[in-house]
Student: 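Starting off with a structure, shown below.
Counting starts at 1 for both ligands and their atoms, following the listed order. Counting from 1, the numbers follow the sequence of the chain as shown.
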Amino acid sequence: MTALFDRLVVLTLPLVPRPIVRKVASRYVAGDTLEDALDTMRTLAAEGAMGTMDVLGESVTHRDQTVATREEYLRTIDAIAASSLPANISVKPTAIGLAIDPALALENGAAICTRAASHGMFVRFDMEDSPYTEATLDLVLALRERFEAVGAVLQAYLRRSLSDLDRLLAKKINVRICKGIYVEPRSIAWKDRETIIRAFAALVDKQLAGGGYAAIATHDEACVQLALATIDRLRVPKDHYEFQMLLGVDPVLRKSLLDTGHRLRVYVPYGRDWYAYSTRRLKENPTIAGQILKSIVGLGPAEA
Ligand SMILES: Cc1cc2nc3c(=O)[nH]c(=O)nc-3n(C[C@H](O)[C@H](O)[C@H](O)COP(=O)(O)OP(=O)(O)OC[C@H]3O[C@@H](n4cnc5c(N)ncnc54)[C@H](O)[C@@H]3O)c2cc1C
């Protein structure tokens, strides 16, 4: 019954007033400003975690917006370097123009990588929905020709990912492995939960066995356990992989991984363009209905 109600809330999420979405989703976002993100990073660093900062915004349709995002990334890179915090950056390719023109995304991506390289900082390009899979891999592979510290993401739910990994492994590209968050058709994506977990484990295994660096991005205990078993079986050194988790999700699992000596990085999004990211997070939150209801009933002065 509760699960049914949760699904109903997910379906009607577009009708929920933005101040309520904002309130419930605030744990997933560091805040509106770079200073908010740096504050969050300081707290995480005190826990022993690393971070990757994301300037919120995606599916941009105007060139001017891509320039503004690029400039914000340059500011972020400089601020991280000046702070000496253990952080790097994650970039959504459509935020820097992939949906407008791949050449524009390459130009903006190169500017971001140039600034990051000047500080010895790593840049990861997130993976978005399937119309952009091929173009995103092309973007990362093109940037990898010019920059050492560039990484990609593969989504375990996509049937193509295991073979896409061959192209990335051939160039020794650092790969974040995640389940994938977008709604994809069954013709190209696994749908069964257990199958996705097995696909996730297969990607981790292939990347690590091939000598690549794996960023294991999950809060699913089954995925974490399978990855730990692979790390143990292959005797992978601690500096050849890291776990990654989203801000606001499962601090208990986060602490247990840190306490047992694994490297762990938290995804720290910030910016005013919070809505699309936040609603994706709410949709995967198992207790979304209760939290939205509590917020409606007990809504004090809502945030803007
Ligand atoms: C660092 C990082 C980067 C990512 N980058 C990408 C990317 O580039 N492209 C992409 O498509 N996807 C990305 N994702 C999202 C990912 O694909 C999954 O959608 C997300 O991580 C949930 O999958 P899961 O493995 O945690 O398993 P799930 O089965 O979804 O979750 C396992 C458990 O974690 C908890 N949980 C998970 N999500 C939430 C939440 N939002 N709120 C509260 N509890 C939650 C619940 O207890 C749940 O039962 C990223 C995830 C992480 C951690």
Student: Does Arg18 make a cation-pi contact with Tyr275, if we ask for NZ or CZ under 6.0 Å from the ring centre and within 45° of the axis?
Tutor: yes
Student: Among the heavy atoms of Glu184, does any lie under 4.0 Å from an atom of ligand 1?
Tutor: no
Student: Please could you name the atoms of ligand 1 that Arg176 approaches to less than 4.0 Å, counting only its heavy atoms?
Tutor: 3 (C), 4 (C), 5 (N), 8 (O)
Student: Just let me know how Glu221 lines up against ligand 1, side chain, backbone, both or neither, with a heavy-atom cut-off below 4.0 Å.
Tutor: neither
Student: Do ligand 1 and Val153 have nitrogen or oxygen atoms that lie under 3.5 Å from each other?
Tutor: no
Student: Do you know the tightest heavy-atom contact between Lys92 and Tyr182?
Tutor: CE-OH, 4.1 Å
Student: Is there any N or O on Tyr182 that sits under 3.5 Å from an N or O of ligand 1?
Tutor: no
Student: With heavy atoms only and a cut-off of under 4.0 Å, state how Val249 meets ligand 1: side chain, backbone, both or neither.
Tutor: side chain
Student: Nearest protein heavy atom to atom 49 (O) of ligand 1, by residue and atom, and its distance?
Tutor: Pro286 CG, 4.1 Å
Student: For Phe125 and Ile96: C-alpha separation, side-chain torsions, deciding distance, then whether side-chain contact (heavy atoms from CB on, under 4.5 Å) applies.
Tutor: CA-CA 10 Å; Phe125 290 86; Ile96 56 165; 3.9 Å; yes
Student: Might you confirm whether atom CD of Glu284 has over 12 heavy atoms from other residues, nucleotides or ligands at distances under 6.0 Å?
Tutor: yes
Student: Under a 4.0 angstrom heavy-atom cut-off, which atoms of ligand 1 come close to Asp126?
Tutor: 8 (O)
Student: What atoms in ligand 1 come closer than 4.0 Å to a heavy atom of Gln155?
Tutor: 9 (N), 10 (C), 11 (O)
Student: In the protein, what heavy atom is nearest to atom 7 (C) of ligand 1, and what distance, to one decimal place, separates them?
Tutor: Met127 O, 3.6 Å
Student: Specify the protein heavy atom at minimum distance from atom 13 (C) of ligand 1: its residue, its atom name, and the distance to 0.1 Å.
Tutor: Cys178 SG, 3.5 Å
Student: Within ligand 1, which atoms have a heavy atom of Arg27 less than 4.0 Å away?
Tutor: 43 (C)
Student: Identify, for atom 42 (N) of ligand 1, the protein heavy atom at the shortest distance, and state residue, atom and that distance.
Tutor: Tyr28 OH, 2.6 Å
Student: Can you measure from OH (Tyr270) to CD (Glu72) and round to the nearest 0.5 angstrom?
Tutor: 3.5 Å
Student: Tell me, which protein residue and heavy-atom name are nearest atom 51 (C) of ligand 1, and how many Å apart are they?
Tutor: Leu246 CD2, 3.7 Å
Student: What is the nearest protein non-hydrogen atom to atom 41 (N) of ligand 1, stated with its residue, atom name and distance?
Tutor: Arg281 O, 2.9 Å
Student: So, applying side chain to side chain donor-acceptor pair (under 3.5 Å) with Arg254, which one of Glu47, His219, Gln244 is it?
Tutor: Glu47
Student: Nearest 0.5 Å, please: how far is OG1 in Thr52 from CG in Leu246?
Tutor: 11.0 Å
Student: Is there a heavy atom in Phe200 that sits closer than 4.0 Å to ligand 1?
Tutor: no
Student: Check Ala199 against Ala156 and note the closest heavy-atom contact, atom names and distance.
Tutor: CB-O, 3.4 Å
Student: Name the closest protein heavy atom to atom 22 (C) of ligand 1, giving the residue it belongs to and the distance to 0.1 Å.
Tutor: Glu284 OE1, 3.3 Å
Student: Is the shortest distance from a heavy atom of Arg265 to ligand 1 less than 4.0 Å?
Tutor: no
Student: Measure the distances from the heavy atoms of Gly180 to every atom of ligand 1 and state whether one is below 4.0 angstrom.
Tutor: yes
Student: Run down the list Lys179, Arg124, His219 and name the one with the heavy atom closest to atom 28 (P) of ligand 1.
Tutor: Lys179
Student: Could you tell me, atom by atom, which parts of ligand 1 come under 4.0 Å of a heavy atom of Gln244?
Tutor: 1 (C), 53 (C)
Student: Going by an N to O cut-off under 4.0 Å, is there a salt bridge joining Arg144 and Glu148?
Tutor: yes
Student: Give a yes or no on whether a salt bridge exists between Arg42 and Asp39, defined as a side-chain N under 4.0 angstrom from a carboxylate O.
Tutor: yes
Student: Can you give me the closest heavy-atom contact between Asp273 and Gly57, atom names plus distance?
Tutor: OD2-CA, 3.4 Å
Student: Ignoring hydrogens, what is the shortest heavy-atom contact between Val153 and Cys178? Give both atom names and the distance.
Tutor: CG1-SG, 3.8 Å
Student: Should the ring pair Phe243 and His262 be called parallel, tilted or perpendicular, given that the plane angle runs from 0 to 90° and is split at 30 and 60?
Tutor: perpendicular
Student: Which option wins on minimum heavy-atom distance to atom 25 (O) of ligand 1: Leu158, Ile197, Val224, Thr218?
Tutor: Thr218
